[in-house]
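Each chain gets a letter, A, B and so on, in the order the sequences are listed, and its residues count up from 1.
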Number of protein chains: 2
Amino acid sequence: MTRRQPSAALRADDLTAKARIRNAALDLFAAHGAEATSLRAVAAAAGVTVGLVVHHYGTKEALREAVELAIVEQFAQTIASVPLGTCPPGQVTAARDRAVAAMLSANQAIVDYLRRAILDGSAGRVDLVSRLSQLSAQQVHDLREAGVASTKHTVGEQVVTIMVRQLGRLFLQPLVDRITDEFADDTGASMRPQLVVDVNH
Amino acid sequence: MTRRQPSAALRADDLTAKARIRNAALDLFAAHGAEATSLRAVAAAAGVTVGLVVHHYGTKEALREAVELAIVEQFAQTIASVPLGTCPPGQVTAARDRAVAAMLSANQAIVDYLRRAILDGSAGRVDLVSRLSQLSAQQVHDLREAGVASTKHTVGEQVVTIMVRQLGRLFLQPLVDRITDEFADDTGASMRPQLVVDVNH
DNA sequence: CGCCTGTTTGTACAGTTGTATAGCATCTAG
DNA sequence: CTAGATGCTATACAACTGTACAAACAGGCG
């Protein structure tokens, strides 16, 4: 049995081949979609052969699940990196939001993969959105038990707020940027419009 | 040469095979993505054989272009269905927005296809988002010439506002709905939160 | 009638896909 | 040292992909 790395970073340069495969898969799945990415492309990007990919993950679907699990794990670690006691009780949520935002802006592939996952809505398989929702729900639950989250709204409403506000901007901003670029010659001053995404409960 | 239908509706039940193929392709491309849809699946959905698809459109890429052109055409017709003179000058934009919203909510496949097109951002080919942007730009231009659109903002800003406000909600609402459903048992009252998408110029 | 133009089918082909399996190299436990 | 497990490669295979092409079929017109 190989020694497990204690808590493998999602991004590193010298990594076990299994992790390199998973990272390459994340990149390619995010860039072109999982269905449009061949195992051979993943293998080539990871610098290995197809056989090794299937040896480690067995199935393309299993590889996808491993990728999604790694994403969820990254979210969980990011949230856990801002424990309850580090800042004034009222600002724990804001601090965690900032941590997640920083993590996402450093991992564009995760953002792209999430965008596809949310867009696809392919039913039938265990859902990445569900797992992230439950992660958020757990967070809300913990914050409530610690008495630092309001109980005026339902858990569902708070989860929606967290995920939509966090992800909505990231998903829609590319559209805004592209249209802005399209009309860039229209005006000399090119200040990017900023998106506002929110929910009315 | 076949007689062109004067302005073929995108949805009709008895249609030329060429149009049936295009409609089936739109449905399948919207549902599973163009790359994940085989020409044979399109042919089967249209009730024809692969050969006919290739005969009419030559190439899968050409079929995709035909689908996108049909979408743009649908937008153009919808906008043109509310001419400048039909309502008080200040409300022509709002009326057109409503018409487009109605068209989109009646053609879920177009919404789904657009979502994928915006998400993909696959460079290299002529862009659907570009074409729609230019359609919006033309509309803004016409409205300005008629003196019913403010010139305080740039054309680019107005196009961004139109497209993001129209499409943003449609794209993000599925996420909201899914999370809401996930926590549906949390509360008896299940009123759907409504999204607010806007841009700060 | 035959001819012509366009629609539709059927089949074929090379390339790619996911998956399976056999083999080689490396390491560690006994 | 041997035995076995593990990381990894190479090759094979059936299914499916986009594309090509020939033949059958239809209707309009001389």
query = For D:dC8, does either OP1 or OP2 sit under 4.0 Å from a side-chain N or O belonging to A:His56?
reply = yes

message = So if I apply the side chain to side chain contact (heavy atoms under 4.5 Å, CB included) rule between B:Leu63 and each of B:Thr37, B:Leu26, B:Val53, which one comes out positive?
response = B:Val53

query = When the distance from NE2 of B:His55 to C1' of D:dC25 is rounded to whole Å, what number comes out?
reply = 13 Å

key: salt bridge (charged side-chain N to carboxylate O under 4.0 Å, His left out) between A:Arg165 and A:Asp97, worked out   = CA-CA 10 Å; A:Arg165 293 245 311 269; A:Asp97 279 7; 5.1 Å; no

key: Sequence-aligned protein contact record of nucleotides 17-24 of chain C, with B where the base is within under 4.0 Å of a protein heavy atom and S where only the sugar-phosphate is   = BBB-----

ask   = What nucleotide among D:dA10, D:dG7, C:dT7 has an atom nearest to a side-chain atom of A:Thr49?
value = D:dA10

request  = To the nearest 0.5 angstrom, please state how far the CG atom of B:Leu128 sits from the CZ atom of B:Arg116.
outcome  = 14.0 Å

ask   = In whole angstrom, what separates A:Leu52's CG from D:dT11's P?
value = 16 Å

note = One should read off an interatomic distance between A:Ile118 CD1 and B:Arg115 CZ, to the nearest 0.5 angstrom, of 10.5 Å

query = Are side-chain heavy atoms of A:Glu65 and A:Tyr57 found at a separation under 4.5 Å?
reply = no

inquiry  = Please report the interatomic distance OG(B:Ser136) to CE(B:Met163), rounded to the nearest 0.5 Å.
reply    = 5.5 Å

